[in-house]
Amino acid sequence: MLNLKFLRDNLDEVERRLATRGGVVDLGDVRTLDESRRSLLSEAETLKAERNQVSALIGKTKDKSQVQGEIARMKDVSGRIKELDEELRQVEESLNGLLLTLPNLPDAKCPLGQSEEDNPEISTWGEPTKLGFEPQSHWDLGEKLDIIDFERATKIAGSRFALLKGAGARLERALINFMLDTHTQGDKYTEVLPPFMVNRASMTGTGQLPKFEDDLFHLDDPDFFLIPTAEVPVTNIYREEILDGAQLPICFVAYTPCFRKEAGAHGRDTRGLIRQHQFNKVELVKFARPEESDAELDQLLADAEGILQALKLPYRVVDLCTADIGFSAARTFDIEVWLPGQQLYREISSCSNFRDFQSRRASIRFRREAGSKPEFVHTLNGSGLAVGRTVVAILENYQQEDGSVVVPEVLRPYMGGMEKIG
RNA sequence: GGAGGAGUGGCCGAGCGGCCGAAGGCGGCGGUCUUGAAAACCGUUGAUGCGCAAGCGUCCGUGGGUUCGAAUCCUACCUCCUCCGCCA
């Protein structure tokens with residue numbers, strides 16, 4: 001959520017900066033609602049002040065017959081207050097509803113662009129793998145090795161599900177453990193295992209609601225949502241809390257499955273593990289002081305890159321342009337891993353700084369020192385990494401001409417010493 | 001699922017329908033004393049909205065209601081605790 005005061009004073013600038021995300025932005029309604037809110041508020045508060053005064057007087061008066069007139073008048077005043085409060089409630093509901101649909105302001109440093117084509121590549125690591133033979137796709141490899149069964153997953157659940165088997169299931173589990181162990185080394189990140197279902201307030205806090213309900217799996221009774229990323233439950237750990245500034249930054253790492261409807265992706269990535277309704281992810285989440293969040297984003301990105309480097313998987317980093325950053329983000333770096341089967345780089349991690357956008361929605365604040373005023377923290381998160389896509393990358397990059405797959409060295413201890421699948 | 005009990009400030013804990021944003025304690029902060037620290041003593045210490053400010057408003061789990069006036073009364077919901085049942 002944007003700062004209403006800032007928005008009020010810089011309406012044109014906000015419109016212009018939001019428009020860099022694409023489309024036209026008209027904040028006229030925000031102005032109108034804000035103005036009527038303030039005028040209703042001041043009228044209601046004046047009456048409340050009067051009522052408080054007169055009621056105190058009535059209270060002090062022993063002989064109530066002397067104040068019958070005041071009591072009658074206050075009855076009217078109270079009626080009027082009730083009307084105004086109701087009007088105010090409606091205006092605030094509209095205003096708040098509107099504010100909740102406005103995306104975050106892109107950072108000044110966020111590159112301008114019209115589409116993902118305009119995302120500048122800022123670094124590369126390793127060389128795209130040269131296999132010396134015709135590479136197979138991970139879905140062919142997986143099926144031939146009998147470690148991924150898409151057909152039966154479809155029978156059990158439906159399309160966009162996978163059944164991992166044998167060394168495939170073991171590889172997924174090995175990756176989760178390897179990632180968690182790596183990130184928690186030296187107490188950099190504290191491991192958490194959060195609920196996989198959350199309520200509406202949590203979804204609103206991180207920005208999935210109210211705009212993106214269609215992308216979420218929902219349970220009617222109780223009114224819960226399956227998490228689309230661990231970002232949601234982990235960021236909401238501190239919703240409506242005031243943190244001690246001395247403890248910042250607070251860094252969490254969480255493994256969770258993630259559930260997404262992929263409603264807008266019909267026909268895209270229908271084969272393979274790339275786009276599933278359910279996938280595993282190890283997520284990094286940080287709560288930082290505002291002045292430190294840029295540096296924390298760099299570190300977060302480096303931590304995510306560290307996993308790919310340890311696995312010796314080639315990748316590049318792109319700086320998402322204004323048209324491509326997510327709703328809640330102010331700045332985002334994507335890590336894209338090389339996939340020989342498809343001969344392209346594919347997103348495997350997305351690392352973002354949300355600044356105070358989520359912390360305003362979720363009311364997550366901190367005190368610099370005892371006695372100072374609460375300020376909003378900056379929240380950040382990034383995949384460290386998407387596990388399913390890491391399996392894809394390993395199968396495709398480590399495949400051999402005979403269709404077997406070499407297990408990356410760092411994973412062997414997690415695979416019971418297995419050096420090769422197949 | 002059934003039966004009881006409870007939700008007050010960072011924490012514990014008082015609170016008669018008006019003098020309660022809320023006693024008291026702990027903790028925090030500042031000070032006195034001390035070579036320094038502890039102890040003791042004194043003072044101070046919630047959040048938020050509108051406003052340049054003075055100030056005014058709001059917040060005692062959440063939402064409704066009664067009343068001139070609600071932390072205090074009524075009501076629904078939420079959460080927690082105890083007991084019974086069921087259960088990985």
Side-chain angles (χ1 to χ4, degrees), chain A residues 1-11 30-100 193-205 209 219-225 233 236-248 250 257 287 356 359-377:
Chain A
M1 187 145 61
L2 301 176
N3 180 350
L4 181 58
K5 276 185 188 157
F6 179 81
L7 211 159
R8 183 188 295 151
D9 297 335
N10 304 276
L11 209 68
V30 173
R31 169 172 282 164
T32 313
L33 286 166
D34 178 46
E35 280 167 3
S36 69
R37 168 175 176 269
R38 281 187 290 165
S39 102
L40 285 167
L41 194 62
S42 106
E43 191 180 347
E45 289 190 353
T46 307
L47 289 177
K48 282 178 185 173
E50 186 188 359
R51 182 180 66 184
N52 287 346
Q53 271 193 325
V54 175
S55 289
L57 188 75
I58 293 170
K60 283 189 196 119
T61 308
K62 294 278 187 287
D63 181 2
K64 300 294 189 224
S65 68
Q66 287 180 4
V67 288
Q68 281 312 311
E70 300 295 70
I71 289 177
R73 193 162 65 82
M74 284 309 106
K75 205 179 175 86
D76 288 345
V77 168
S78 277
R80 179 64 186 144
I81 289 172
K82 205 169 200 174
E83 283 170 24
L84 288 168
D85 276 348
E86 175 55 23
E87 266 186 82
L88 190 61
R89 194 193 59 76
Q90 284 177 17
V91 167
E92 285 188 330
E93 199 176 282
S94 306
L95 178 59
N96 204 29
L98 198 52
L99 288 176
L100 286 174
L193 185 60
F196 301 160
M197 299 178 213
V198 300
N199 55 31
R200 277 179 191 275
S202 291
M203 282 294 185
T204 307
L209 291 182
L219 281 70
D220 285 323
D221 186 21
D223 185 19
F224 285 156
F225 294 90
N236 276 282
I237 287 174
Y238 292 128
R239 174 154 51 83
E240 284 148 43
E241 291 192 31
I242 300 175
L243 304 168
D244 174 4
Q247 317 224 308
L248 299 178
I250 296 172
F287 303 83
D356 61 358
S359 58
R360 256 176 219 290
R361 290 178 159 244
S363 189
I364 306 170
R365 293 170 294 170
F366 76 103
R367 246 185 261 276
R368 286 187 185 274
E369 43 203 64
S372 57
K373 283 280 156 198
E375 298 171 51
F376 289 108
V377 301

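Each chain gets a letter, A, B and so on, in the order its sequence line appears, and its residues count up from 1.
The distance from atom CD of A:Glu43 to atom P of B:C50 is 17 Å, rounded to the nearest whole Å. Straight-line distance from the CG atom of A:Asp223 to the P atom of B:U62: 20 Å, rounded to whole Å. Between the P atom of B:G69 and the CG atom of A:Leu47 lies a distance of 13 Å, rounded to the nearest Å. We find that NZ of A:Lys373 is positioned 18 Å from P of B:C29, with the value rounded to whole Å. A:Gln68 has its CD atom 10 Å from the P atom of B:C68, to the nearest Å. A:Arg360 places its CZ atom 16 Å from the C1' atom of B:A47, with the value rounded to the nearest Å. The NZ-P distance, from A:Lys5 to B:G51, rounds to 7 Å in whole Å. Rounded to whole Å, the distance from CZ on A:Arg365 to P on B:G10 is 10 Å.
Pair assignment for B:G1 gives B:C84, based on Watson-Crick or G-U wobble hydrogen-bonding distances that are each under 3.5 Å. Across the strands present, B:G30 finds its partner in B:C42; the criterion is a Watson-Crick or G-U wobble pair with both atom distances under 3.5 angstrom. Partner assigned to B:G7 is B:C78, using Watson-Crick or G-U wobble distances below 3.5 angstrom. With a 3.5 Å ceiling on both atom-pair distances, B:C20 lacks any Watson-Crick or G-U wobble partner. B:A37 makes up no base pair with any nucleotide shown, lacking Watson-Crick or G-U wobble contacts both under 3.5 Å. Across every strand in view, B:C56 sits in a pair with B:G49 that passes the Watson-Crick or G-U test at under 3.5 angstrom. The partner of B:U72 cannot be assigned: no Watson-Crick or G-U wobble pair with both contacts below 3.5 Å exists in any strand.
Side-chain nitrogen and oxygen atoms of A:Lys75 include at least one within less than 4.0 Å of the OP1 or OP2 phosphate oxygen of B:C68. The side chain of A:Lys82 places an N or O atom within less than 4.0 Å of a non-bridging phosphate oxygen (OP1 or OP2) of B:U66. Between A:Asn52 and B:C56 there is no side-chain polar atom (N or O) within less than 4.0 angstrom of OP1 or OP2.
Each of A:Leu41 and A:Ile58 lies near RNA chain B, and the nucleotide nearest A:Leu41 is the one positioned closer to the 5' end.
A salt bridge links A:Arg89 and A:Glu93; the closest N-O separation between the charged side-chain nitrogens and carboxylate oxygens is under 4.0 Å. Electrostatic pairing of A:Asp34 and A:Arg38 counts as a salt bridge here, judged by a charged N lying under 4.0 Å from a carboxylate O.
Using a 4.5 Å heavy-atom threshold, the side chains of A:Thr61 and A:Glu70 count as separate. Looking at heavy atoms from C-beta onward, A:Asp85 lies in side-chain contact with A:Lys48 at the 4.5 angstrom threshold.
No donor-acceptor contact under 3.5 angstrom links the side chains of A:Asn52 and A:Ser55, judged on distance only.
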